[in-house]
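As structure tokens, the structure follows; a few thoughts come after it.
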Amino acid sequence: MLLNKLMKGIAHELIQGDGNEEIKKITNDSRQVGAGELFVALRGALTDGHDYIDQSIEKGAKAILCETIPEIRKPGVAYLRVEHTDAVIGELAANFYDHPSEKLKLVGVTGTNGKTTIATLLYRLFNGLGHKSGLISTVCVIVDKEEIPSKLTTPDALSLQKYFAQMVDAGCEYAFMEVSSHSVVQHRIGGAYFRGGIFTNLTRDHLDFHKTFENYLHAKQSFFDDLPKEAFALTNLDETNGAVMVQNTKADVYGYALKRDADFKGRILEQHLDGTDMLFDGTEATTRLVGTFNAYNLLAVYGAALLLGAPKDEVLRVLSSLRPVDGRFQTLTSPKGYVAIVDYAHTPDALKNVLETLSDLQKHHGGRIITVVGAGGNRDHGKRPIMASTAAGLSDILILTSDNPRDEDPEAILDMMWEGLNPEDVNHSLRITSRREAIRTACTMALPKDIVLIAGKGHETYQEVKGVRHHFSDVEEVEMVFDAQKQ
């Protein structure tokens, strides 16, 4: 693609070159630059791409997009200046791939909890309705049926547009994606054209990045502020910030709720360990997901599907067959008669939601609740004692353990969590640093009818310690205990 076509619609200064340079690829990683490519110099928290401009040219870069033009410029290389490279790289990538998201019905899901479940269920629902679709989630990226491992909740801008292009080439009609607050602030969704946005809820999270709750809220809100007027904005009206999220949007606003009147109204009839009986706008359906929090997720999926034009009867038929997302209230039954549940809950509110659901179920089921939970390193310290207090208050036995310590001392993290326990909590709480031993201990202690909740990591298949990722899966650990119990 010619450079001047690539830069169409993007305010810039062409300092050197004529704009007729043929660009084969865009990259922001100087290590990956090849001949005939455009290198975008991004300023990051740890490194500055401007320091690698000469290195990228040595590797064959034909054009440089930057915020500060080098004093010494290489001949035969085009130099372009923009105010903020991170703010335009998404549009640049969209131009390069011929605006693929405009050829899809793209729906973004944002909020603290529920993003993965809603996006994944929408993907599965529309597949079940016979439509080729794509998914971009914390767990993985799926192009039609091809799965690609995922490292971020929302990919970087270049990868995102590439995925959209692959979806278009594969014949996908729809795409569903998680939109993290980080991705909004860092302009990763720049150049993406959304047909709809869904808001789930907003509770304390990522304050290590956003610093204040107000900044976190604004990041989520700005996603809806930028939706086009042709899109829909579907919000949770039972949530405190549900109306706030969409107050400035140009999109058509719709609401879903369990407690109040809404465009999409739901009601829980009965909950079981293996599913929930619900009313969707007065029509009864049995689903395989458990918990009030999942009732909201299902209602959001239902509402979005109808807003995308799917027939209600078909939506409910397929919705009733959908299984839970891996690592989201994933239930495993022990040969000893107790149940283990692996869940991604890693915020105080998410943990509270899961444990309240289990408490309600135990009123009829009997037995105890044994909770295994930790807190991630290099993340918001303030939520650690809150997590412990929340878990202790809703569990019969609490085991505090490691999550992903990252670069922190696991014992120091546990010390912070332990500070959230009152004297009564301490009497029924343990701390076991090894997550493997914590899981084994919980399962060994469990009796028939007990529920063991293993929270925090969900679908993850690694544990990050001192910057190194070691293979670790909560589900696999539980299954190993179950295998031993069969013998």
Residues two or more places apart in sequence or in another chain: which of them pass salt bridge (Lys or Arg N to Asp or Glu O under 4.0 Å) with Arg469? Glu464
Assess the residue pair Asp86 and Arg188 against the criterion (salt bridge (charged side-chain N to carboxylate O under 4.0 Å, His left out)); give the C-alpha distance rounded to whole Å, side-chain angles, the decisive distance to 0.1 Å, and a yes or no. CA-CA 8 Å; Asp86 64 337; Arg188 291 188 226 156; over 6 Å; no
Against the six-membered ring of Tyr462, is Lys457 placed for a cation-pi contact (under 6.0 Å from the centre, within 45° of the normal)? yes
Pairs flagged by ring pair (Phe, Tyr, Trp, His ring centres under 6.0 Å) wherever residues 414-448 is involved - sequence neighbours left out: none
If every non-hydrogen atom of Thr235 is compared with every non-hydrogen atom of Gly242, which pair is closest and at what distance? OG1-O, 2.7 Å
Do any N or O atoms from the side chain of Asn241 and from the backbone of Val244 form a donor-acceptor pair under 3.5 angstrom? no
For Thr110 and Lys115 the tightest heavy-atom approach is CA-CD, 3.8 Å
I'd like to know if Arg43 pairs up with Asp48 as an ion pair, taking the criterion as any Lys NZ or Arg NE/NH1/NH2 lying under 4.0 Å from an Asp or Glu carboxylate oxygen. yes
Between Glu477 and Arg436 (salt bridge meaning N to carboxylate O under 4.0 Å), is one present in this structure? yes
Expected output: side-chain Asn236 to main-chain Thr200 donor-acceptor under 3.5 Å: yes
Can you tell me how far the CG atom of Asp156 sits from the CG atom of Leu160, to the nearest 0.5 Å? 8.0 Å
Step by step, work out the salt bridge (charged side-chain N to carboxylate O under 4.0 Å, His left out) result for Asp407 and Lys466. CA-CA 5 Å; Asp407 296 321; Lys466 299 298 181 185; over 6 Å; no
Between Tyr344 and Thr138, is a side chain to side chain contact (heavy atoms under 4.5 Å, CB included) present by the stated rule, with each step listed? CA-CA 11 Å; Tyr344 189 54; Thr138 304; 4.3 Å; yes
Does Asp225 offer a backbone N or O that forms a donor-acceptor pair with the side chain of Ser222 under 3.5 Å? no
Which heavy atom of Val253 sits nearest a heavy atom of Thr249, and at what distance? CG2-CG2, 3.5 Å
How long is the gap from CG on Asp403 to CD on Glu460, to the nearest 0.5 Å? 6.5 Å
Is there side-chain contact between Glu270 and Thr276, with at least one heavy-atom pair below 4.5 Å? no
Apply the test side-chain hydrogen bond (donor to acceptor under 3.5 Å, both in side chains) to residues Ser334 and Gln485: give CA-CA distance (whole Å), side-chain angles for both, the deciding distance (0.1 Å), then the verdict. CA-CA 8 Å; Ser334 162; Gln485 291 175 346; 3.0 Å; yes
Side chains of Arg328 and Thr116: any donor to acceptor distance under 3.5 Å? yes
To the nearest 0.5 Å, what is the distance between CG on Asp343 and CG on Leu453? 6.5 Å
Check Asn378 against Glu408 and note the closest heavy-atom contact, atom names and distance. N-OE2, 2.6 Å
Does the side chain of Leu355 reach to within under 4.5 Å of the side chain of Thr371, using non-hydrogen atoms? yes
Take atom NZ of Lys312 as the centre, draw a 6.0 Å sphere, and report whether it contains more than 12 heavy atoms from other residues, nucleotides or ligands. yes
For this output row, return yes or no: ring centroids of Tyr256 and Tyr302 closer than 6.0 angstrom. no
Within a radius of less than 6.0 Å around NZ of Lys265, do more than 12 heavy atoms belonging to other residues, nucleotides or ligands occur? yes
Does any N or O in the side chain of Arg267 come within less than 3.5 Å of the main-chain N or O of Gly282, such that one atom is a donor and the other an acceptor? no
Could you tell me the separation between the CD1 atom of Ile268 and the CG atom of Leu279, rounded to the nearest 0.5 Å? 10.5 Å
Is a donor on one side and an acceptor on the other found under 3.5 Å between the side chain of Glu173 and the backbone of His131? no
Report the distance from atom OG1 of Thr292 to atom CG of Asp360, rounding to the nearest 0.5 Å. 6.5 Å
Does the pair Lys383/Asp380 count as a salt bridge with the N-to-O cut at 4.0 Å? no
Looking at Arg195 and Lys105, what are the two nearest heavy atoms and their distance? CG-CA, 3.6 Å
Could you verify whether a donor N or O on one side chain and an acceptor N or O on the other, from Glu476 and His471, lie under 3.5 Å apart? yes
My understanding is that only residues two or more places apart in sequence, or in another chain, count here; which of them pass salt bridge (Lys or Arg N to Asp or Glu O under 4.0 Å) with Asp483? Lys486
Tell me whether Thr357 contacts the main-chain N or O of Gly291 through its side chain, where contact means a donor paired with an acceptor under 3.5 Å. no
Assess the pair Phe126 and Phe176: is the distance between their ring centroids shorter than 6.0 Å? yes
Report yes or no: does Arg384 contribute a side-chain atom to a donor-acceptor pair with the main-chain N or O of Gly376 at less than 3.5 Å? yes
Using a 3.5 Å distance criterion without hydrogens, assess whether the side chain of Gln330 forms a donor-acceptor pair with backbone atoms of Val475. no
Over all heavy atoms of both residues, which pair between Ala295 and Leu258 is shortest? Give the atoms and the distance, please. CB-CD1, 4.0 Å
With a 4.0 Å cut-off on N to O distance, would you call Lys250 and Asp226 a salt bridge? no
Just do the side chain to side chain contact (heavy atoms under 4.5 Å, CB included) check on Thr401 and Ser434 with the steps written out, would you? CA-CA 6 Å; Thr401 189; Ser434 165; 5.8 Å; no
Output yes when a side-chain donor or acceptor of Ser389 lies under 3.5 Å from a complementary backbone atom of Pro385, and no otherwise. no
Any side-chain heavy-atom pair from Phe232 and Leu308 closer than 4.5 angstrom? yes
In this structure, CG of Asn113 is separated from OG1 of Thr347 (nearest 0.5 Å) by 4.0 Å
For Lys336, does the NZ atom have more than 12 heavy-atom neighbours from other residues, nucleotides or ligands under 6.0 Å away? yes
Show, in sequence, the C-alpha distance, side-chain angles and deciding distance for Asp326 and Val139, and conclude whether the side chain to side chain contact (heavy atoms under 4.5 Å, CB included) test is met. CA-CA 9 Å; Asp326 289 348; Val139 178; 5.7 Å; no
Would you check if Val141 and Met177 make a side-chain contact, meaning some heavy-atom pair closer than 4.5 Å? no
Is there side-chain contact between Val373 and Leu398, with at least one heavy-atom pair below 4.5 Å? yes
How about Asp277 and His272: does a side-chain donor come under 3.5 Å of a side-chain acceptor? yes
Measuring only between side-chain heavy atoms, which start at C-beta, is Met278 closer than 4.5 Å to Leu269? no
Is there side-chain contact between Leu332 and Val339, with at least one heavy-atom pair below 4.5 Å? no
Is atom CG of Asp261 surrounded by more than 12 heavy atoms (other residues, nucleotides or ligands) closer than 6.0 Å? no
Going by the angle between their ring planes, with limits at 30° and 60°, are Phe223 and Phe194 parallel, tilted or perpendicular? perpendicular
Closer than 3.5 angstrom, by distance alone: can the side chain of Asp450 be matched with the main-chain N or O of Tyr338 as a donor-acceptor pair? no
Heavy-atom side-chain contact between Phe329 and Pro324 under 4.5 Å: no
In terms of ring plane angle, is the pair Phe224 and Phe199 parallel, tilted or perpendicular, where the classes change at 30° and 60°? perpendicular
